[in-house]
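Report on the structure given below.
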Amino acid sequence: MKPKSSGLAPDTFIKQIENGQIPTVVCIVGEEPYYRDLARRTLLDAIFTDTPPDSRDITVFEEKTDMKKLDTLINTYPFFSGRTVILITDKELLNPKAEAEGKKAKSGGKGKAREVSLSKQEQFQKMLGDVPDFCTVILQTEKMDGRQKFTKFLQKETVFVDCSPVDSRYLPAWLARQAEQRGGRLDRGAVQRIQEYLATVDNPPLQLLATEVEKIAVYAGERKNWTAADVDMLFSSVPEIGVFALNNAITSKNTVLALQMLAEEQKKNTYLPLLAAKLVTHLRSILMVKEGERMGLSASQIAAESNKAPFLITMWQREGARFSEARLRNSIQALDTLVEEISLGGRQYDRMEEIIAVLCA
């Protein structure tokens, strides 16, 4: 059985699997590891219903795939298990353009490299077009070139699961589902606190967040309404939290606390250019809101144009009231210069202290 689909959302794919629709060819493609792992794990659990993970018979092709061996495996009935499962993560096979460029560099023959690559690609496509019902082939990769005929074939003729990163705007709905799956509920304050922590992150780290929500569920026990206090207590492993706390102290103009937190980051050997970049992102967000206000835009208009959650715009408005546009611009420029000079052997944490002191003055 081979349902045809193009760009299935992971949640939709999982529902199909739970309803007993086991496909013969599945392409799990995208840069979000949480969804890639979840889609693959759900499919394998459905195929090997009563077999523990360490006892499952899965053939994996990671590199330099032997096409004859693959063809034989796909078309040979498994007498003992009743189903053949093949996982292919071979980047050269799944991204033939990259393979062609690599061969071109080695051989120096553009036409020859292209010909070899397409030949292997056509063999693979032919195999995937006629996979027997007793076999499931899983293709998994971060990226595929949508312009390639091979990719278009997969999107049209196989179950193609799109595991793209989740935009931060859709994080509240995702968090709500995570809490619901664990029998609880994150209240509005808890969700907003998580968004504040990740305000400078375009694509939230879902795998890490899922782990932290699980911690809250265990910690809360029978209590099913989870608050911002729960988030503050248990989100200790999220890397952005230290940066968030520092940025929050700076934008609150609490100079002493900000310098103490900067000293803590120095003790942890935090990479200073990354720390500076996060602060620059935060300051630019505040500056964006102030510029919007100066132009007569409402908070809702700024939120719509920036694709940011309205409560973040409100937060940046509140923080921006403490700074002039000139001071924000000067601090951003100073931080950019700091990062440039670090690569040339310039000053580091002591210069960062000076910038923070001037910003908070």
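Positions are given from 1 along the sequence. What's counted below: heavy atoms across the whole structure, side chains too, no hydrogens, waters or symmetry copies.
To the nearest 0.5 angstrom, Leu275 atom CG is 9.0 Å from Lys268 atom NZ. Interatomic distance, Lys278 NZ to Thr270 OG1, rounded to the nearest 0.5 Å: 12.5 Å. Between Ile313 atom CD1 and Glu293 atom CD the span is 9.5 Å, to the nearest 0.5 Å. Expressed to the nearest 0.5 Å, how far CD1 of Ile14 lies from CG of Asp45 amounts to 10.5 Å. For the atom pair Leu359 CG and Leu279 CG, the distance stands at 7.0 Å (nearest 0.5 Å). The structure places CD1 of Ile28 at 11.0 Å from CG of Leu8, a figure rounded to the nearest 0.5 Å.
Hydrophobic clustering of Ile, Leu, Val, Met, Phe, Trp and Tyr side chains at less than 4.5 Å, counting indirect connections, unites Met233 with Leu209. In the hydrophobic clustering of ILVMFWY residues, with side-chain heavy atoms under 4.5 Å counting as a link, Val218 and Trp226 come out apart. The cluster map of Ile, Leu, Val, Met, Phe, Trp and Tyr, joined by side-chain heavy atoms under 4.5 Å apart, puts Leu154 and Met67 in the same cluster. Placement of Leu257 and Tyr349 within a single hydrophobic cluster is found when ILVMFWY residues are connected by side-chain heavy-atom separations under 4.5 Å, directly or transitively. Hydrophobic cluster membership is shared by Tyr219 and Ile194, with clusters built from Ile, Leu, Val, Met, Phe, Trp and Tyr side chains linked at under 4.5 angstrom.
Among residues two or more places apart in sequence or in another chain, the side chain to side chain donor-acceptor pair (under 3.5 Å) test is passed with Asp90 by Thr65. Considering only residues two or more places apart in sequence or on other chains, Thr251 meets the side chain to side chain donor-acceptor pair (under 3.5 Å) condition with Glu319. Contacts of Ser298 classified as side-chain contact (heavy atoms from CB on, under 4.5 Å), with partners at least two apart in sequence or in another chain: Ser300, Gln301. Take Glu62 and apply the side chain to side chain donor-acceptor pair (under 3.5 Å) test, not counting sequence neighbours, and it matches no residue. For Arg329, the salt bridge (charged side-chain N to carboxylate O under 4.0 Å, His left out) partners are Glu291, Glu325, not counting sequence neighbours. With sequence neighbours excluded, the residues satisfying ring-ring contact (aromatic ring centres under 6.0 Å, His included) with Tyr77 are Phe79, Phe134. Residues forming a salt bridge (charged side-chain N to carboxylate O under 4.0 Å, His left out) with Asp71 (at least two apart in sequence, or on another chain): none. Scored by the salt bridge (charged side-chain N to carboxylate O under 4.0 Å, His left out) test, Asp187 finds no partners at all (sequence neighbours excluded). Taking the salt bridge (charged side-chain N to carboxylate O under 4.0 Å, His left out) definition, one finds that Arg347 meets it with Asp350, Glu354, sequence neighbours left out. By the side chain to side chain donor-acceptor pair (under 3.5 Å) test, Gln178 pairs with Tyr34, Arg182, sequence neighbours left out. For Pro273, the side-chain contact (heavy atoms from CB on, under 4.5 Å) partners are Tyr271, Val339, Ile342, not counting sequence neighbours.
Taking 4.5 Å as the limit, every side-chain heavy atom of Arg56 sits out of range of all side-chain heavy atoms of Val85. Between Val358 and Asn330, every side-chain heavy-atom pair lies at or beyond the 4.5 Å cut-off. Looking only at side-chain heavy atoms (C-beta outward), Ile22 and Arg83 come within less than 4.5 Å of each other. For the pair Val26 and Gln140, the minimum side-chain heavy-atom distance is 4.5 Å or more. Looking at heavy atoms from C-beta onward, Glu341 lies in side-chain contact with Thr337 at the 4.5 angstrom threshold. Proximity of His282 to Trp316: side-chain heavy atoms (C-beta onward) are separated by under 4.5 Å at one or more points. Ser306 is not listed as a side-chain neighbour of Val289, based on a closest heavy-atom distance of 4.5 Å or more. Using a 4.5 Å heavy-atom threshold, the side chains of Cys135 and Ile86 count as touching.
Residue-environment remark: CZ (Arg188) stays at or below the threshold of 12 foreign heavy atoms within 6.0 Å.
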Full working for side-chain contact (heavy atoms from CB on, under 4.5 Å) between Phe323 and Leu283: CA-CA 10 Å; Phe323 303 94; Leu283 296 180; 5.8 Å; no

Can Phe61 and Leu73 be said to form a side-chain contact (heavy atoms from CB on, under 4.5 Å), step by step? CA-CA 12 Å; Phe61 291 89; Leu73 190 62; 4.0 Å; yes

Verdict with reasoning, Arg318 to Met315, per side-chain contact (heavy atoms from CB on, under 4.5 Å): CA-CA 5 Å; Arg318 184 174 63 250; Met315 181 182 75; 3.5 Å; yes

Would you please test Asp11 and Arg177 for side-chain contact (heavy atoms from CB on, under 4.5 Å) and show each step? CA-CA 11 Å; Asp11 291 343; Arg177 289 196 298 272; 3.6 Å; yes

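With Lys290 contributing its side chain and Leu328 its backbone, the two residues share no donor-acceptor pair below 3.5 Å. For the pair Arg193 (side chain) and Asp230 (backbone), a donor-acceptor distance under 3.5 Å is absent. Side chain of Thr24 to main chain of Val137: no donor-acceptor pair is present (N/O by atom type, distance under 3.5 Å, no hydrogens or angles). At distances below 3.5 Å, at least one donor-acceptor pair connects side-chain atoms of Thr151 with backbone N or O atoms of Asp145. Counting only distance, with no hydrogens or angles, the side chain of Lys224 and the backbone of Gly221 share a donor-acceptor pair below 3.5 Å. Distance alone, capped at 3.5 Å, places no donor-acceptor pair between the Thr42 side chain and the Ala39 backbone.
Checked for salt-bridge contact, Glu212 and Lys215 meet the test: a charged N lies under 4.0 Å from a carboxylate O. Ion pairing of Glu264 with Lys267 is present here, as a side-chain N (NZ or NE/NH1/NH2) and a carboxylate O approach within less than 4.0 Å. Contact check on Glu18 versus Lys15 returns no salt bridge, with no Lys/Arg side-chain nitrogen under 4.0 Å from an Asp/Glu carboxylate oxygen.
The stretch residues 28-40 participates, sequence neighbours left out, in these salt bridge (Lys or Arg N to Asp or Glu O under 4.0 Å) pairs: Glu31-Lys143, Asp37-Arg40.
Considering every non-hydrogen atom in both Leu94 and Ile88, the closest pair reads CD1-O, 3.6 Å. Of all heavy-atom pairs spanning Met288 and Ile302, the tightest one is CE-CG2, 4.2 Å. When all heavy atoms are compared, the tightest approach of Ala303 to Pro310 is CB-CA, 4.1 Å. Residues Leu93 and Phe150 approach most closely at O-CE2, 4.1 Å, considering heavy atoms. Heavy-atom minimum distance, Ile332 versus Val280: CG2-CG1, 4.1 Å. Closest non-hydrogen pair, Ala179 versus Leu186, comes out as CB-N, 3.9 Å.
Here the rule is side chain to side chain contact (heavy atoms under 4.5 Å, CB included) with Leu272, and of Glu265, Gln266, Gln348, Arg351 only Gln348 fits it.
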